[in-house]
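Atoms within each ligand, like the ligands themselves, are counted from 1 in listed order.
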Amino acid sequence: MREFKLFIGGAFVDAASGETFETTNPSTGEVVATVARGGTEDVERAVAAARTAFDDGPWPAMPPAERTRIMLEAFERIKDAESDIALLEAEDAGHTARMANLFTIPYSNEYWRHLAELARRLEYHEPVEDYAFPTPAWDFVLREPFGVCAGIIPWNVPYMMAIWKIAPAIATGNTVVLKPATYTPASACALAEILAGTGIPPGVVNVVPGAGAAAGEALCTDPRVDKIAFTGSTEVGRRIMQLASGTVKKVTLELGGKSPNILLDDADLEIAIPGSVWAMYMHQGQICHAGTRLFAPAGLYDEVTARLVETVEGLKVGSAMDFESDLGPLINETQFHTVDRYVQLGQDEGAKLLTGGHRVTGNGLDGGWFFEPTIFGEVDNSMKIAQEEIFGPVLSVVRYESVEDAIRMANDSIYGLGGAVWSRDIPRALEVARRIRTGTVWVNDYHLVSPAAPFGGYKQSGIGREHGPWGLHEYLQTKYVRVDQVPTKDQKFWYQVIGL
Ligand code: NAP
Ligand code: MG
């Protein structure tokens, strides 16, 4: 069994309280690791270390190319650890071994590589258009790191979220304190162990596992923290905005979703059906932009639902450590009860349960909270199962009469994270894509996003963007410098205004 400490100022330390907690394997309930439980005092220490590394350390003042070089060296270590991290993610977070090895871990690492590389190519010194008003001046803009950034992340894709918060912050010269989710701290702690052996100076990256209500809130209120990058639920996102307002911190939020997945009547169902299954059931639906609302044209509704049912009934639910499993466990018992409650609610609301709806037990699965991939048909978009984020393997299929209707219902949501359109006619799909009010729209695809592209939400799915130049700019302040060009006192504009 592994043991993880807090990573503060380049050292691995116990919590000030001496407390630890156990993180468990959602497939079995077995303990994966003992982890130091960071509290408010530990957050203070970590923020102090990050502050010193920013205010007095070499990192923010280094030429960007030097930071890139150090991060790309670290990337080699990160790559070497890929299969170890994949195993840890399977054990601690219930990513199926196949998903962790083929997708989530290597894919996360590619973000590290790309953002480190992109930061070197950004403009940190930009000209301002010549504007001789009210007097001639040489105007330019400096892009400067914010300072100390807090990263607060959820349990669903913990390693990816750790990379998504650390890499852009430090690539742009900031320092960071990361608070992993209580349920899944292991891979972020393991990442800290890898980074400790690289050229990244002490205090630039700090990792403090601990409870949201203690360590999380302390990060959001500490006046020495300049920016918060949060990924998690919309509910906690609202709270974080409130907490951050006390010291007027810059906040970026990646929040919940209820993403629409629209099948047009000319969709190639050979691709769109498995694509919609992938959209919904990747990681048991515990993905922020999961395609949870499938809009099917009335003329294809029976065929679409029949083919969906047939496909999901062929999926294997099993231990995340088993390479044969298509779906692993839900993260914990609380999440199981949430999913179970929505399955009941959907039936009470009048939706038709087409398949699934139950916990999966037996065959060695009794130690975890496994759930059948579930499909509701005859869903009305106003039902709670179509409006609220379930964060489990429950698909709502909504019938539509016209594409206008489908677009209207797709946009009838407080969320605006992702969405997809499936069609053989790309111009037609693009017309729909333009009208969907979400931060990402896929055409004949789902879940895959490029590290060079912006990621984020419309409406209550978030504020700001991650990745690509858009994401890196969220970590940079914009400073305007004005160098006066008027040589004599008498010609100074203000000299005349103030009447001296
Ligand atoms: P959550 O309950 O909002 O927690 C997210 C993080 O915030 C955890 O580290 C949590 O700590 C911490 N936290 C909780 N209360 C806090 C407070 N008062 N102050 C500061 N921090 C606090 O979300 P979750 O259940 O872990 O994750 C699922 C949610 O994340 C879903 O809604 C999903 O849509 C969203 N998500 C969004 C994206 C995106 O990119 N938009 C990506 C992934 C997930 P504890 O672990 O100790 O509670
Ligand atoms: Mg765990």
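- The G216 neighbourhood of ligand 1 comprises atoms 19 (N), 20 (C), 21 (N), with distances under 4.0 Å to a heavy atom of that residue.
- Summarising the contacts of atom 24 (P) of ligand 1 with F455, W155, W164, F391, the nearest heavy atom is found in W155.
- Residue contacts with ligand 1, taken as heavy atom pairs separated by less than 4.0 Å, involve E389 solely via side-chain atoms from C-beta onward.
- Salt-bridge check for E117 with R121: passed, with a basic side-chain N closer than 4.0 Å to an acidic carboxylate O.
- Not a single N or O atom of F230, backbone or side chain, sits closer than 3.5 Å to an N or O atom of ligand 1.
- Counting the atoms of ligand 1 from 1 in the order shown, those under 4.0 Å from a heavy atom of T231 are 5 (C), 36 (N), 37 (C), 38 (C), 39 (C), 40 (O), 42 (C), 43 (C), 44 (C).
- Of all atoms in ligand 1, numbered sequentially from 1 with element shown, those under 4.0 Å from a heavy atom of L255 are 34 (O), 37 (C), 38 (C), 39 (C), 41 (N).
- With respect to atom 9 (O) of ligand 1, the closest heavy atom belonging to the protein is I153 O, 2.7 Å.
- Side-chain atoms of R143 and T478 form a donor-acceptor pair, as typed in the model, at a separation below 3.5 Å.
- G462 does not count as a contact of ligand 1, since none of its heavy atoms falls under 4.0 Å from the ligand.
- Heavy-atom contacts of L417 reach the following atoms of ligand 1: 41 (N) (cutoff under 4.0 Å).
- Shortest contact from atom 35 (C) of ligand 1 to any protein heavy atom: G232 O, 3.1 Å.
- Relative to the six-membered ring of Y415, K459 misses at least one condition, a distance below 6.0 Å or an angle of at most 45° to the axis.
- Ligand 1 has no atom lying under 4.0 Å from any heavy atom of Y183.
- Ligand-side atoms of ligand 1 in range of I152: 6 (C), 7 (O), 9 (O), 12 (C), 21 (N), range being under 4.0 angstrom from any heavy atom.
- With ligand atoms numbered from 1 in the order given, ligand 1 contributes 47 (O) to contacts under 4.0 Å with heavy atoms of A211.
- Counting protein heavy atoms only, atom 16 (C) of ligand 1 is closest to V236 CG1, 3.5 Å.
- The contact set between ligand 1 and N156, taken as ligand atoms under 4.0 Å from a residue heavy atom, comprises 43 (C), 44 (C).
- E217 OE2, 2.7 Å is the protein heavy atom nearest to atom 18 (N) of ligand 1.
- Ion pairing between a basic and an acidic side chain is recognised when a charged N comes within 4.0 Å of a carboxylate O; D322 and K316 show such pairing.
- In summary, R359 and E372 do not engage in a salt bridge, as defined by a charged side-chain N under 4.0 Å from a carboxylate O.
- A salt bridge links E193 with R2: the distance from a Lys NZ or Arg NE/NH1/NH2 to an Asp or Glu carboxylate oxygen falls below 4.0 Å.
- Contacts of R239 with ligand 1, taken as heavy-atom pairs under 4.0 Å, involve the side chain alone.
- Considering backbone and side-chain atoms alike, S461 places every N or O at 3.5 Å or more from each N or O of ligand 1.
- The number of heavy atoms from other shown groups lying within 6.0 Å of CZ (R98) is above 12.
- No salt bridge links R224 with E44; every basic N to acidic carboxylate O contact stays at or beyond 4.0 Å.
- No salt bridge links D412 with K258; every basic N to acidic carboxylate O contact stays at or beyond 4.0 Å.
- Of the options S233, A218, G212, P154, the smallest heavy-atom separation from atom 48 (O) of ligand 1 is shown by G212.
- Of the protein's non-hydrogen atoms, C288 CB, 3.5 Å is the one closest to atom 36 (N) of ligand 1.
- With hydrogens left out, the protein atom closest to atom 11 (O) of ligand 1 is K179 NZ, 3.1 Å, a heavy atom.
- By the 4.0 Å N-to-carboxylate-O rule, K250 lies too far from D226 to be salt-bridged with it.
- Nearest protein heavy-atom contact of atom 45 (P) of ligand 1 is T182 OG1, 3.4 Å.
- Atom NZ of K79 sits in a crowded spot, with more than 12 heavy atoms from other residues, nucleotides or ligands closer than 6.0 Å.
- Checking Y159, W164, F455 one by one against Y111, the ring pair (Phe, Tyr, Trp, His ring centres under 6.0 Å) holds for a single residue, W164.
- Remark: atom 4 (O) of ligand 1 lies closer than 4.0 Å to no protein heavy atom.
- Side-chain atoms of N261 and W422 include a donor-acceptor pair closer than 3.5 Å.
- In this structure, CE on M241 lies 6.0 Å from CG on L253, to the nearest 0.5 angstrom.
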